[in-house]
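Right, one structure below, let's go through it.
Since this is a predicted model, take the numbers as computed values, not measurements. In each ligand, atom 1 is the first atom listed, and ligand 1 is the first ligand listed.
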Amino acid sequence: MKNFSIAQRPRRNRRTESIRQLVRETHISPANLVMPYFVIPGKSKKETVKSMPGITKLSIDLLCKDIKELHSMGVSGVALFPSISDGLKDSKASESKNQQGLLPQAIRAIKDAVPDIAVITDVAMDPYSSDGHDGFVKDGKILNDETLPILAEMAIVQAKAGADLVAPSDMMDGRVGYIRQELDEAGFSDVGILSYAAKYASAFYGPFRDALGSAPRFGDKKTYQMDSANINEAIREALLDEKEGADIVMVKPALAYLDVITKIKAKVHIPVAAYHVSGEYAMVKAASANSWVDETKVVKEMLVSIKRAGADIIFTYFAKQIASKLA
Ligand code: PBG
């Protein structure tokens with residue numbers, strides 16, 4: 001070998017685990033994670049979700065137990081999704097207005113059992129809609145402005161029950177401003193809005209729709225959820241939501257949209273969340289069930305990547321599992 005000198009040796013900072021820890025730029029912590037939960041009616045009930053191994057839909061009593069554990073591991077938030085029976089679904093998502101419905105009951109019970117955990121609730125019509133769409137359907141079309149009052153009423157019901165943040169995931173235009181105003185008028189100016197600002201029409205939501213039986217009954221969601229090819233539009237959506245009063249904006253899915261997270265983070269002055277969705281979860285579980293990947297390592301790497309891209313908060317079905325590993 002010829003004699004030559006290398007002044008810059010980046011490998012020096014990787015030489016030992018302690019040095020690597022000292023220079024580590026990104027950290028994942030349970031404090032920034034949100035665990036999504038599927039809620040079912042009844043008592044002491046749990047149901048597995050076939051396409052999401054390790055995830056069970058829970059009745060409220062079991063849910064509260066699980067969330068107690070989750071909170072003791074340092075996880076700061078939960079996102080709740082109710083599993084509504086087909087008999088209660090209609091075209092106007094009327095069940096979402098029921099203050100004694102499954103979701104408001106769950107919110108109250110959690111706030112009672114684990115008052116300190118942040119409860120985040122989904123605002124969209126699909127779990128309650130006989131059409132399986134996020135907005136109000138007429139003659140095969142999803143109507144924007146007709147959907148807004150339904151969303152606002154749903155948000156108020158959730159706020160009344162004790163939700164800390166309502167999370168519109170519907171992608172209707174103007175809904176953040178509309179919901180903000182209605183919440184304020186109803187006396188809930190302290191309840192925050194976490195908007196799904198850049199939510200893409202994604203095939204990665206499949207297992208979630210299986211879990212809730214909420215797949216659209218006709219067509220797809222492409223007239224409201226975004227085209228995966230677009231990023232300028234995502235920035236526009238995020239800036240609009242910030243202007244309309246969102247407290248946190250979210251990008252969804254996460255891993256295939258890291259560039260969107262980075263760009264939005266650079267443009268807004270509110271925290272950015274990312275939703276590591278059901279399909280992303282299912283793919284890891286399938287590979288790991290075959291021993292094709294080391295599950296914990298792969299998940300940590302994914303979550304670090306989502307943070308490194310710019311997410312302050314990560315919604316992930318791995319929250320509980322990984323929190324126990326991080327502790
Ligand atoms: C419903 C909603 C969906 C998800 C969160 N809220 C599904 C959809 O838009 O069809 C997906 C979450 C996941 O896949 O984990 N508005």
Side-chain angles (χ1 to χ4, degrees), residues 33-39 49-57 77-84 89 93 95-96 103 120-137 142 144 147-148 150-151 154-155 158 163 165-172 175-176 179 193-228 237 249-257 273-286 299 302-303 306 313-320:
L33 301 182
V34 171
M35 176 78 189
Y37 280 100
F38 301 115
V39 194
V49 180
K50 208 173 162 203
S51 47
M52 300 178 76
I55 294 295
T56 42
K57 304 191 267 186
V78 293
L80 303 178
F81 299 96
S83 179
I84 305 294
K89 296 183 184 181
E95 180 59 15
S96 68
L103 180 62
I120 304 167
T121 48
D122 195 63
V123 176
M125 289 177 67
D126 55 322
Y128 313 93
S129 156
S130 46
D131 296 301
H133 276 285
D134 296 22
F136 180 66
V137 178
I142 287 80
N144 194 87
T147 301
L148 302 183
I150 300 174
L151 298 175
M154 191 183 305
Q158 297 169 356
L165 289 147
V166 295
S169 68
D170 56 287
M171 291 299 282
M172 296 302 121
R175 92 277 205 215
V176 171
I179 292 171
I193 297 181
L194 184 157
S195 79
Y196 289 66
K199 178 173 178 181
Y200 287 88
S202 168
F204 286 105
Y205 308 149
F208 175 97
R209 294 177 188 171
D210 284 347
L212 293 187
S214 64
R217 304 290 157 93
F218 69 88
D220 53 41
K221 298 193 174 185
K222 289 184 182 166
T223 68
Y224 45 106
Q225 298 182 348
M226 288 181 44
D227 184 332
S228 55
E237 285 281 9
V249 283
M250 186 144 73
V251 175
K252 177 183 174 192
L255 274 184
Y257 298 86
Y275 201 140
H276 187 223
V277 300
S278 58
E280 302 177 80
Y281 176 88
M283 292 195 305
V284 173
K285 285 287 177 184
V299 172
M302 287 174 163
L303 297 182
I306 296 167
I313 303 162
I314 305 174
F315 284 50
T316 176
Y317 299 93
F318 287 111
K320 194 172 181 199

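- Side-chain contact check for Tyr257 versus Lys199: every heavy-atom pair is 4.5 Å or farther apart.
- Every atom of ligand 1 with a heavy atom of Ser169 under 4.0 Å away is listed here by number and element: 1 (C), 6 (N), 16 (N).
- The closest approach between a heavy atom of Lys199 and any atom of ligand 1 is below 4.0 Å.
- Applying the 4.0 Å criterion to heavy atoms of Tyr275 picks out, from ligand 1, the atoms 12 (C), 15 (O).
- Atom numbering of ligand 1 starts at 1 in the shown order; those under 4.0 Å from a heavy atom of Arg209 are 8 (C), 10 (O).
- Checked by atom type and distance alone, the side chain of Ser51 never pairs as donor or acceptor with a backbone atom of Asp210 at under 3.5 Å.
- Remark: minimum distance from atom 14 (O) of ligand 1 to any protein heavy atom is reached at Ser278 OG, 2.7 Å.
- Remark: minimum distance from atom 5 (C) of ligand 1 to any protein heavy atom is reached at Lys252 NZ, 2.5 Å.
- Within the 4.5 Å cutoff, no side-chain heavy atoms of Glu280 are placed close to those of Tyr317.
- Not a single heavy atom of Phe315 sits under 4.0 Å from any atom of ligand 1.
- Taking the side chain as every heavy atom from C-beta outward, Val34 and Ile314 never approach each other to under 4.5 Å.
- Only side-chain heavy atoms of Ala124 come within less than 4.0 Å of ligand 1; its backbone N, CA, C and O stay farther off.
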Salt bridge (charged side-chain N to carboxylate O under 4.0 Å, His left out) for Lys221 and Asp134? Distances and angles first, verdict last. CA-CA 8 Å; Lys221 298 193 174 185; Asp134 296 22; 2.7 Å; yes

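- Counting only heavy atoms from C-beta outward, the side chains of Phe136 and Met125 approach each other to under 4.5 Å.
- At least one heavy atom of Lys221 sits closer than 4.0 Å to an atom of ligand 1.
- Aromatic ring centroids of Phe81 and Tyr37 lie 6.0 Å or more apart.
- Annotation: Tyr128, atom OH; neighbour count of heavy atoms from other residues, nucleotides and ligands within 6.0 Å is above 12.
- If you look at Asp122 next to ligand 1, the close heavy atoms, those under 4.0 Å, all belong to the side chain.
- Between the choices Val123, Val277, Asp126, the shortest heavy-atom distance to atom 1 (C) of ligand 1 belongs to Asp126.
- Within the structure, the closest approach of Tyr317 to ligand 1 falls below 4.0 Å when heavy atoms are considered.
- With sequence neighbours left out, the salt bridge (charged side-chain N to carboxylate O under 4.0 Å, His left out) criterion links Lys89 to Asp86.
- Between Tyr196 and ligand 1, a contact under 3.5 Å exists for no N or O pair.
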